[in-house]
Number of protein chains: 2
Amino acid sequence: MGLTKTENFTEAQNELAKMLKALAHPARIAIIEHLIKANACIGTDLVEVLGLAQPTTSQHLRELKEAGLIKGTIEGTSMNYCIDQVKWKQYADKLNAFFTPVNFSESCC
Amino acid sequence: MGLTKTENFTEAQNELAKMLKALAHPARIAIIEHLIKANACIGTDLVEVLGLAQPTTSQHLRELKEAGLIKGTIEGTSMNYCIDQVKWKQYADKLNAFFTPVNFSESCC
DNA sequence: TTTATTAATCGTAATATTGCAATATAATAA
DNA sequence: TTATTATATTGCAATATTACGATTAATAAA
């Protein structure tokens, strides 16, 4: 069906899945990495960096924006994108909490 | 096209995206959480836990197995699933490295 | 043997995602 | 005003994902 049965799961589970999904594409990873690395925020050489068409790049940027991971400010005709560091920290914390559970019961297989 | 242009990105970027994708579904999050919480490894009450059909559950389990996150051992007619703790730690480390970059250039937007 | 029981696989329908060309929008430059 | 530049949106084609019924395979129980 292609349609996730979100009603079967907790809000926390759905949210975590959504967070992971927002980053589950190499282009979006590449965008984030580039924004972290760049000492200045970026107009859009991002199209060049990714090697994807401008509309495709714009779409990935929108997904990251919708996830709250990046912000964009207008600068003339172009856009300055950068990481939303507050949201980024929230992501890091939530994922860290998920990946380092308090008690791992000893492996039985 | 629905087909990711992996050739545009580095191996590390593609791998990280794949890792995130393996967990980017609430059912797979739920499976992992249940396997962590359960003091014993699980036959498959997982079908009940998820509230999804048996083939659907099996499919999600396969994806997690292919990602290396879980292992299964045969026990009679049933299967015992559990987290692969070595792989799990690798995941935690890689994601942690991604989310806590050494130098965040100060925000400019 | 026959009959459950459990889990994987196959086939398929419905929806989602990825990517791009074409177009639209909006701000600047000439 | 008319370009030019940068970005977003629309529409569409191709592939991927999610879910399930039906079937298969393999062990256990009768």
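Lettering follows sequence order; numbering is per chain, from 1.
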May I ask you to decide if [Y]'s main-chain N or O and [X]'s side chain share a donor-acceptor pair within less than 3.5 Å?
X	Y	answer
B:Asp84	B:Lys71	no
B:Thr10	B:Gln13	yes
A:Trp88	B:Phe99	yes
A:Arg28	A:Lys21	yes

Quick check for you: among [options], whose closest atom lies nearest to any side-chain atom of [X]?
X	options	answer
B:Leu3	D:dA16, D:dT7, D:dA19	D:dA16
A:Met79	C:dG19, D:dA8, D:dT9	D:dA8
B:Ser78	D:dA19, D:dT9, C:dT6	C:dT6
A:Pro55	D:dA8, D:dT9, C:dG19	D:dT9
B:Thr77	D:dA28, C:dA8, D:dA6	D:dA28

Without decimals, in angstroms, what is the distance between [X] [atom1] and [N] [atom2]?
X	N	atom1	atom2	answer
A:Lys5	C:dA16	NZ	C1'	17 Å
A:Leu46	D:dA8	CG	C1'	15 Å
A:Asp45	D:dT5	CG	C1'	15 Å
A:Glu66	D:dT9	CD	C1'	13 Å
B:Glu48	C:dT5	CD	P	14 Å
B:Leu52	C:dA7	CG	P	15 Å
A:Ile74	C:dT25	CD1	C1'	12 Å
A:Leu61	C:dG19	CG	C1'	14 Å

Can you find a side chain N or O atom of [X] that sits less than 4.0 Å from OP1 or OP2 on [N]?
X	N	answer
A:Lys65	D:dA8	yes
B:Thr56	D:dC20	yes
A:Tyr81	D:dA8	yes

More 5' along DNA chain D: B:His25 or A:Gln54, using each one's nearest nucleotide? A:Gln54
With nearest nucleotide decided by heavy atoms, which residue, A:Glu75 or A:His60, maps closer to the 5′ end of DNA chain C? A:His60
Let me spell it out: for each of B:Arg62 and B:Lys21, pick the nucleotide of DNA chain C with the closest heavy atom. Which residue's pick is nearer the 5' end? B:Arg62
Could you report the tightest heavy-atom contact between B:Tyr81 and B:Lys65, atom names first, then the distance? OH-NZ, 3.5 Å
Describe the nucleic acid contact of B:Ser58 in one word from base, sugar-phosphate, nothing, applying a heavy-atom distance below 4.0 Å. base
Could you check whether B:Thr57 gets within reach of a base, just the sugar-phosphate, or nothing at all, counting any heavy atom under 4.0 Å? nothing
Contact check, side chains of B:Phe9 and A:Leu52, non-hydrogen atoms, under 4.5 Å: yes
Under-3.5 Å donor-acceptor pair between A:Gln59 side chain and D:dA8 base: no
